[in-house]
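Remarks on the structure that follows.
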Amino acid sequence: MSETLMFAAVLVPALIVAIVFHEVAHGWTALILGDPTAKELNRLSLNPIRHVDPVGTLLVPGMLALAGGPVFGWAKPVPVRKDRLNNPRFGMMAVAAAGPGTNLILAAIGALLLGIAAAAGLAVAGEEQGLLTTGLFYFILINVFLAIFNMLPIPPFDGSHILEGLLPPSMARAYDKLRPVGMLLFFGLIALTWFAPDLGVLENTIGPPVNWAMDQYIGLAQAIAG
């Protein structure tokens, strides 16, 4: 039980930071590109209470962690109005890309801190130091996973908005019709991950890019550590 609590103490703050910054990045990018909706609704705050979804930010990640599955979650989406953007097509693509892009920047910051911690000897001595470096490792992993997972072209993930913006208008309109069933597809993906782990749905789709990105970030940390 103590190990589970320690794991949660590391995992939950990392997940909340990753998700909150992801959502705020969407809102700030929308504001820069002409849509002040998130600002008007006070969703540009870094206060987690304004963004945390009890199910998506706490319950689902907690259950997945306890079950030994891949940990992911979501926050209350920051509202973006396409019709208020200066250039709706480009704007939606940029707003969507801002979330995963921010997660990759956070992962780089985590790698920098991990490298500094290792150089200072904090990676090899003492329980508190071990908790620190374990926390930084999972902070990097969570941000990388969220960035790549959100790029899946399944509505309402960020990747779906980017793909829609790249498609010809007629194909984009047809693709947009998938949005009402997007959450069903999402929960279907969770069900396959949970009940049919042998299928390796996530491992065979986002596993390779996650592993590649982690190699780059850990390599950066090792380079900093010397």
Side-chain angles (χ1 to χ4, degrees), residues 11-62 71-113 139-167 169 172-173 175-183 185-187 213:
L11 197 68
V12 172
L15 185 63
I16 289 176
V17 169
I19 290 177
V20 167
F21 273 79
H22 179 108
E23 292 299 329
V24 172
H26 286 318
W28 273 109
T29 305
L31 178 63
I32 292 169
L33 297 178
D35 176 19
T37 305
K39 181 180 180 181
E40 292 168 352
L41 297 176
N42 203 15
R43 291 295 306 280
L44 299 184
S45 169
L46 292 177
N47 180 356
I49 296 175
R50 298 191 183 279
H51 305 283
V52 167
D53 180 293
V55 174
T57 314
L58 301 175
L59 182 60
V60 169
V71 177
F72 56 88
W74 62 91
K76 291 187 292 186
V78 165
V80 177
R81 283 184 51 180
K82 186 175 181 178
D83 61 301
R84 299 182 78 178
L85 293 167
N86 297 329
N87 182 331
R89 184 170 183 174
F90 168 78
M92 287 302 296
M93 293 174 64
V95 169
T102 297
N103 288 130
L104 294 178
I105 292 172
L106 288 174
I109 294 171
L112 173 65
L113 295 175
F139 181 74
I140 298 168
L141 178 59
I142 286 171
N143 276 285
V144 167
F145 188 91
L146 282 177
I148 295 175
F149 185 76
N150 271 283
M151 289 303 293
L152 289 172
I154 301 173
F157 294 163
D158 297 325
S160 69
H161 294 289
I162 295 173
L163 177 59
E164 185 176 337
L166 294 173
L167 291 173
R173 287 192 294 271
Y175 180 70
D176 186 59
K177 294 179 181 179
L178 289 175
R179 296 204 175 277
V181 298
M183 289 306 294
L185 296 174
F186 171 67
F187 284 112

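Nothing fancy with the numbering, it's 1 onward along the sequence.
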Is E40 salt-bridged to R81, cutoff N-O under 4.0 Å? no
Would a distance-only check, ignoring hydrogens and angles, find a side-chain to backbone donor-acceptor pair under 3.5 Å from N143 to F139? yes
Quick one: list whatever passes side-chain contact (heavy atoms from CB on, under 4.5 Å) with A147, sequence neighbours left out. P100, N103, L104
Can you confirm whether P77 sits close enough to H26 that some side-chain heavy atom of one is under 4.5 Å from a side-chain heavy atom of the other? no
Are L46 and V20 packed together at the side-chain level, in the sense that at least one heavy-atom pair is separated by less than 4.5 angstrom? yes
Point-to-point distance, once rounded to the nearest 0.5 Å, from OG of S45 to NZ of K39: 13.5 Å
Gap separating the CD1 atom of I19 from the NZ atom of K76, nearest 0.5 angstrom: 13.0 Å
Rounded to the nearest 0.5 angstrom, the CG-CD1 distance for N150 and I154 is 10.5 Å
I'd like to check the side-chain contact (heavy atoms from CB on, under 4.5 Å) partners of P79; sequence neighbours left out, ordered by chain and number. T37, L41, R43
Short question: side chain of N86, backbone of L33 - any donor-acceptor pair under 3.5 Å? yes
Within the structure provided, determine whether R50 and N42 are in side-chain contact (heavy-atom separation under 4.5 Å). yes
Show the nearest heavy-atom pair for residues A107 and I140, with the distance to one decimal. O-CG1, 3.7 Å
E164 versus P155: any side-chain heavy-atom pair under 4.5 Å? no
Taking all non-hydrogen atoms of both residues, which atom of Y175 and which atom of L167 are closest, and how far apart? CB-CD1, 3.9 Å
Could you pull out the closest heavy-atom pair between L85 and A30, with the gap in Å? CD2-O, 3.8 Å
L106 and H22, any side-chain heavy atoms less than 4.5 Å apart: no
Measure across L44 and G27 and return the closest heavy-atom pair with its distance rounded to 0.1 Å. CD2-C, 3.4 Å
Indicate the atoms forming the closest heavy-atom contact of H161 with P156, along with that distance. NE2-O, 4.0 Å
Please list, chain by chain and in numerical order, all residues satisfying salt bridge (Lys or Arg N to Asp or Glu O under 4.0 Å) with R173, sequence neighbours excluded. none
What distance separates L146 CG from F21 CZ, expressed to the nearest 0.5 Å? 13.5 Å
Between T29 and A98, the two heavy atoms sitting closest are OG1-CB, 3.0 Å
